[in-house]
Amino acid sequence: MTRRFRPFTPLSAAWMLACTLLLPAAALAAPTDAPALAPTDAAAPWTLPLSDIEALMRRELFDPGLLDSPAYAPLRAELQALIAGGVQRKPFVKAFNAAWQKGPSSHVRLQPAPASAAVMAERFDQMDAGPEAVQLSWRGDTAVLAVNTFMGRDTGPAISAAYREMATRSARALIIDLRRNEGGAFAVIPLVGHLLERGHDSGVFVSQRGRQAGTPQRSAIEQLRPWTQASLQSFWAEVPAAPYTRLRFEPMAPRFAGPVYVLTSARTASAAELVVDALLGAGRAQVFGERTAGQMLSQKPFDLPNQLLLFVPVADYHAWHSGRIEGRGVTPTRAVPAEQALDAALAEVAR
């Protein structure tokens, strides 16, 4: 009997998407010092026209043409039929999200608003992921670093602390386990940076303006100043406003110079896919496991009437190594079932 690989769900049994990332639902709770919005009856009839949601998406979506695509037509018909039938608020939200999971783009989600989009943005920068986000264990002199989310202001420092322990213990090899990682934010920076000898240009975020301007050329993108901040509020403000946003990783101390193996599953998504691609592109890792989820966009929350938030992907991501990751994923260097990936990597280390 094959053991089912159990995905990690940080902080909560449910999860949410944000930015290039997936955020746990617990992160969506309003800060205690912020005025929460009054609850709305989930059993009340749905009254917001679908055209109002589409108007927001056409204005903000990285590719408004997706709403005119053949893939969107059946989704729209399904939602219109629900509205015409007098669906209640809670079932419509559930149906909307289920439909978009099969729709023409990832990172689209509708949800009741625990607070305004502005308050939520501030909350994302302040949240902690907790000790389960980063776990370092040892197999002899091989370090096994499980990074289960890239969300949380405490996750980056925990990753750097793990690299310091590896240096102290003179680790011979490193296995990075991303099989349970469904995304996150700027904690990707230290995970990659501590493995680099020199700077590495990984890719470019392409907004609606950039899509209209045409396919990004690497030579031109590398003339731009790289994104260097670590704030989702700033990221959400600046990335949609610029045609292109350059992503570059810089070396960080202490540097681990030994062999690196990355473990992936079909649930490895979003910012975790960005990391897998960056390490492949920099020539710093072999990847064991399954093709990643192919859900790599940058999304942002927007306020809707009736105390709702709509998360919309405002930028695509083009990686210099793998190309466009959305809808395709990143291919491992050795394809094995996710539950066998750790044993395969350990066997490779032992050779």
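FYI, side chains are in, hydrogens and waters are out, and symmetry mates aren't considered; it's all heavy atoms of this structure.
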**Message:** Determine whether His194 and Phe256 satisfy the following criterion, side chain to side chain contact (heavy atoms under 4.5 Å, CB included), listing intermediate values before the conclusion.
**Reply:** CA-CA 6 Å; His194 284 287; Phe256 178 78; 5.8 Å; no

Taking [X] for its side chain and [Y] for its backbone only, find out whether a donor-acceptor pair lies under 3.5 Å.
| X | Y | answer |
| --- | --- | --- |
| Asp154 | Gly130 | yes |
| Arg211 | Asp316 | no |
| Ser207 | Ala242 | yes |
| Asp141 | Ala173 | no |

**Check: Tyr244 ring centroid to Trp227 ring centroid under 6.0 Å** =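 No, the ring centres sit 6.0 Å or more apart.
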
**Message:** Tell me if the aromatic rings of Phe124 and Trp236 count as close, with their centers under 6.0 Å from one another.
**Reply:**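 Yes: the rings meet the under 6.0 Å criterion.
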
**Request:** Check Arg328, Arg179, Glu273, Arg267 against Thr292 for a side chain to side chain donor-acceptor pair (under 3.5 Å) and give me the one that passes.
**Result:**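 Among the candidates, only Glu273 passes.
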
Between [Y] and [X], is there a side-chain donor-acceptor contact under 3.5 Å, judged purely by atom types and distance?
| X | Y | value |
| --- | --- | --- |
| Glu238 | Thr245 | no |
| His318 | Thr215 | no |
| Asp125 | Ser231 | yes |

**Item:** Ile221 and Trp320: CA distance, side-chain angles, deciding distance, side chain to side chain contact (heavy atoms under 4.5 Å, CB included) verdict
**Value:** CA-CA 11 Å; Ile221 297 302; Trp320 301 132; 3.9 Å; yes

**Message:** Between Arg58 and Asp68 (salt bridge meaning N to carboxylate O under 4.0 Å), is one present in this structure?
**Reply:**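 Answer for the salt bridge query: yes.
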
**Message:** With a 4.0 Å cut-off on N to O distance, would you call Asp128 and Arg153 a salt bridge?
**Reply:**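 Salt bridge flag = yes for Arg153 with Asp128.
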
Nearest 0.5 angstrom please: [X] [atom1] to [Y] [atom2], how far?
| X | Y | atom1 | atom2 | answer |
| --- | --- | --- | --- | --- |
| Glu326 | Phe62 | CD | CZ | 6.0 Å |
| Leu145 | Leu191 | CG | CG | 6.5 Å |
| Met166 | Trp138 | CE | CH2 | 6.5 Å |

